[in-house]
A.B. asks: 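The structure follows.
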Protein chains: 2
Amino acid sequence: MVTLSDVAKQANVSKMTVSRVINHPEQVTEELRGLVEAAMVELDYHPNSVAQALVNNRTNVVKFVTLEDIDTTEPYYMNLLFGFARGLTKKQYAFQLVTDLNRIEEGRADGYLITGSRTHNYELFDKLKKPFVLFGENHRGYDFVDTDNQLGEKTATEYALSRLYKQIIFIGLDVKEPFEYSREAGYINTLQKNQLIPKIYRVDNHSHAAQKVIQDHFREFKKDTCFICASDRIAIGVVRELEYQGAKIPEDFGVIGFDGVFLDQVSNPKLTTIKQPIFKMGELLASMLLQKIAQSGSPQGELLLEPKLIRRESTR
Amino acid sequence: MVTLSDVAKQANVSKMTVSRVINHPEQVTEELRGLVEAAMVELDYHPNSVAQALVNNRTNVVKFVTLEDIDTTEPYYMNLLFGFARGLTKKQYAFQLVTDLNRIEEGRADGYLITGSRTHNYELFDKLKKPFVLFGENHRGYDFVDTDNQLGEKTATEYALSRLYKQIIFIGLDVKEPFEYSREAGYINTLQKNQLIPKIYRVDNHSHAAQKVIQDHFREFKKDTCFICASDRIAIGVVRELEYQGAKIPEDFGVIGFDGVFLDQVSNPKLTTIKQPIFKMGELLASMLLQKIAQSGSPQGELLLEPKLIRRESTR
DNA sequence: TTGTAAGCGTTATCAC
DNA sequence: GTGATAACGCTTACAA
């Protein structure tokens, strides 16, 4: 293993000069810096991050916390995870996976990314001793990254109108959370701007729950109705039941999902959906968290990313 | 932060005695051990794994490598990942996610878990300088964990026969890999034992590819045929096309998948499938890898786990 | 059986 | 601007 000392010898300087070239290059004369950099390249030197971690009282580890009790096979998270991992690896960070908020402070970590949190979890957050960022919008002042949910459903609703669907119905999630309110607001505002009356059903995030709603109310739905769904899972259930009832998609009925991960492509017909930039969000969450750790916990603010409409086969 | 020295003071012994109680308790008298343990509990002492890592020339980090170029949102991997993570966390290990085999040795890690590897990757493995284990069976002597693929399809085939399906057709994956050969062998051997003639189609692992095969050959399939599929993805395509053709599932046609992660439940009808113990495999892979690291790379052998038949709605 | 000393690779501090 | 020294928390090697 090539160490700082090896480089120092090679460049005929002290260890400290090498260390400075790495951490505070402006404090070193151009001449020595050149020598040191040449030596580092020649020896293929890479700092030992464990030693760095020890002296900086860091662990180079953060935790990815999943609170949502739904099954962790949700493909959604896989994307987030890969994005997050990418962001971490750039800075030589590794992570652990945690699903139990109470055990979050066991072991060692420099900070946490918390996903799937609900309003009732918030009280626990204030007790955390390490910096953390949230995936998912909140109005308590916790740093977060999320999709611009309101813009997403605004886009979906406007698109449905532009395809000349006459009635637009929102199939939302039965949760009292900011992201759901934002999605509904995007829908409601757009309808009202067009002198239309909103109609919202709320269901659990399972295709079968959505299927049931459509079944129960099918007779009330006229031709030229488009369903704006708060998730692709729901959209799949809606599509399934509409087809079961003999309805024609996309000619008579349109369906628009939300998420754009995996499920939208497995479904048949393939879903028109609002695609969240999930990988990107994961990456940004990593940057934000590492930044926050570096700045000993100072606030990082909020980040809303623009989702994209993906036109496919479930709308005309 | 509570350190070894703090515990030593509290217990009136030297740091080394405390260290020994942790790493070689048998070398310490019962009396001192008791004192030290009491002190550790009272102070809520936890070893600093970074310091341990530095002196042991470890990183406490391993890499989870995904070589398969299919999208990483495959829910399958999510389960494996969570199992793996669980296994690691027990030993205070963290991990990084890697998708590029060529960059695997960048950065620092004590070892690798390699998933989704294909035969043509093997030559690269021999060059790796750190211990690694594979997820997926191979006959090159690399340590691995996998499902007992042959047993899985044997179980599926026997079940299809027991449900009195007359013809059993295998829809396999179009890859020349040990796991696929094992699955086909499980099917073929069982058929031959029953004086039946095997019939195999091979497709890419996409529902649409499977759909196409069924479409192309539907007229050749008689009532009372059961399709044994090498993945749930394939099974979903088979189901979809059979229904499209107006065939009755499960009365006239049966479909059995393989994997049992997420997809089997999203599908309609819900799939009868061979469920792999994926989470468990992840956990075992972690143990195996950490074990191998601890034993400086000594062979760990092979582990085939028993899959389970899950009876649901796609077979009668 | 227990303790002392040295060292793992790095950085902060304080001289020069 | 550069270098010597101590320190981070722990373990190995050796001495008592």
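Chain letters run A, B, ... following the sequence lines, proteins first, then strands; residues in each count from 1.
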A.B. asks: Evaluate the side-chain contact (heavy atoms from CB on, under 4.5 Å) criterion for residues Val61(B) and Gln96(B): first the C-alpha distance (whole Å), next the side-chain angles of each, then the deciding distance (0.1 Å), finally the verdict.
C.D. replies: CA-CA 7 Å; Val61(B) 168; Gln96(B) 296 184 322; 4.1 Å; yes

A.B. asks: Are the side chains of Val28(B) and Val36(B) in touch, meaning some heavy atoms are under 4.5 Å apart?
C.D. replies: no

A.B. asks: Return each pair, listed once, that meets side chain to side chain donor-acceptor pair (under 3.5 Å) where at least one residue sits in residues 48-62 of chain B; pairs must be two or more places apart or across chains.
C.D. replies: Thr59(B)-Asp110(B)

A.B. asks: Residues two or more places apart in sequence or in another chain: which of them pass side chain to side chain donor-acceptor pair (under 3.5 Å) with Arg140(B)?
C.D. replies: none

A.B. asks: Name the one of Leu134(B), Val62(B), Val133(B) that satisfies side-chain contact (heavy atoms from CB on, under 4.5 Å) with Leu113(B)?
C.D. replies: Val133(B)

A.B. asks: Output all residues satisfying salt bridge (charged side-chain N to carboxylate O under 4.0 Å, His left out) with Lys308(A), sequence neighbours left out; order by chain, then residue number.
C.D. replies: Glu306(A)

A.B. asks: In residues 43-59 of chain A, which ones come under 4.0 Å of DNA chain D, going by heavy atoms?
C.D. replies: Leu54(A), Val55(A)

A.B. asks: Can you work out whether Arg108(B) or Leu32(B) has the more 5'-proximal nearest nucleotide on DNA chain C?
C.D. replies: Leu32(B)

A.B. asks: Please, which pairs that meet ring-ring contact (aromatic ring centres under 6.0 Å, His included) have at least one residue in residues 97-124 of chain A, sequence neighbours excluded?
C.D. replies: Tyr122(A)-Phe125(A), Tyr122(A)-Tyr142(A)

A.B. asks: With rounding to the nearest 0.5 Å, note down the distance linking CD1 in Ile104(B) to NZ in Lys130(B).
C.D. replies: 10.0 Å

A.B. asks: Could you name each residue pair satisfying ring-ring contact (aromatic ring centres under 6.0 Å, His included) that touches residues 89-110 of chain B, not counting sequence neighbours?
C.D. replies: Phe95(A)-Phe95(B)

A.B. asks: Tell me, which pairs form a ring-ring contact (aromatic ring centres under 6.0 Å, His included) where one or both residues lie in residues 20-52 of chain B, sequence neighbours left out?
C.D. replies: none

A.B. asks: List in chain and number order the residues that pass side chain to side chain donor-acceptor pair (under 3.5 Å) with Gln27(A), two or more places apart in sequence or in another chain; answer none if no residue qualifies.
C.D. replies: none

A.B. asks: Any residue in residues 87-95 of chain B with a heavy atom nearer than 4.0 angstrom to DNA chain C? Just list them by number, or reply none.
C.D. replies: none

A.B. asks: Could you give the angle between the helix axes at the two ends of the helix from dT1(C)-dA16(D) to dC16(C)-dG1(D), with five pairs per end, rounded to 10 degrees?
C.D. replies: 40°

A.B. asks: I need the residues from residues 9-28 of chain A with at least one non-hydrogen atom less than 4.0 Å from DNA chain D; give them sorted by number, or say none.
C.D. replies: Val13(A), Ser14(A), Met16(A), Thr17(A), Arg20(A), Gln27(A), Val28(A)

A.B. asks: Residues two or more places apart in sequence or in another chain: which of them pass side chain to side chain donor-acceptor pair (under 3.5 Å) with Arg118(A)?
C.D. replies: Glu68(A)

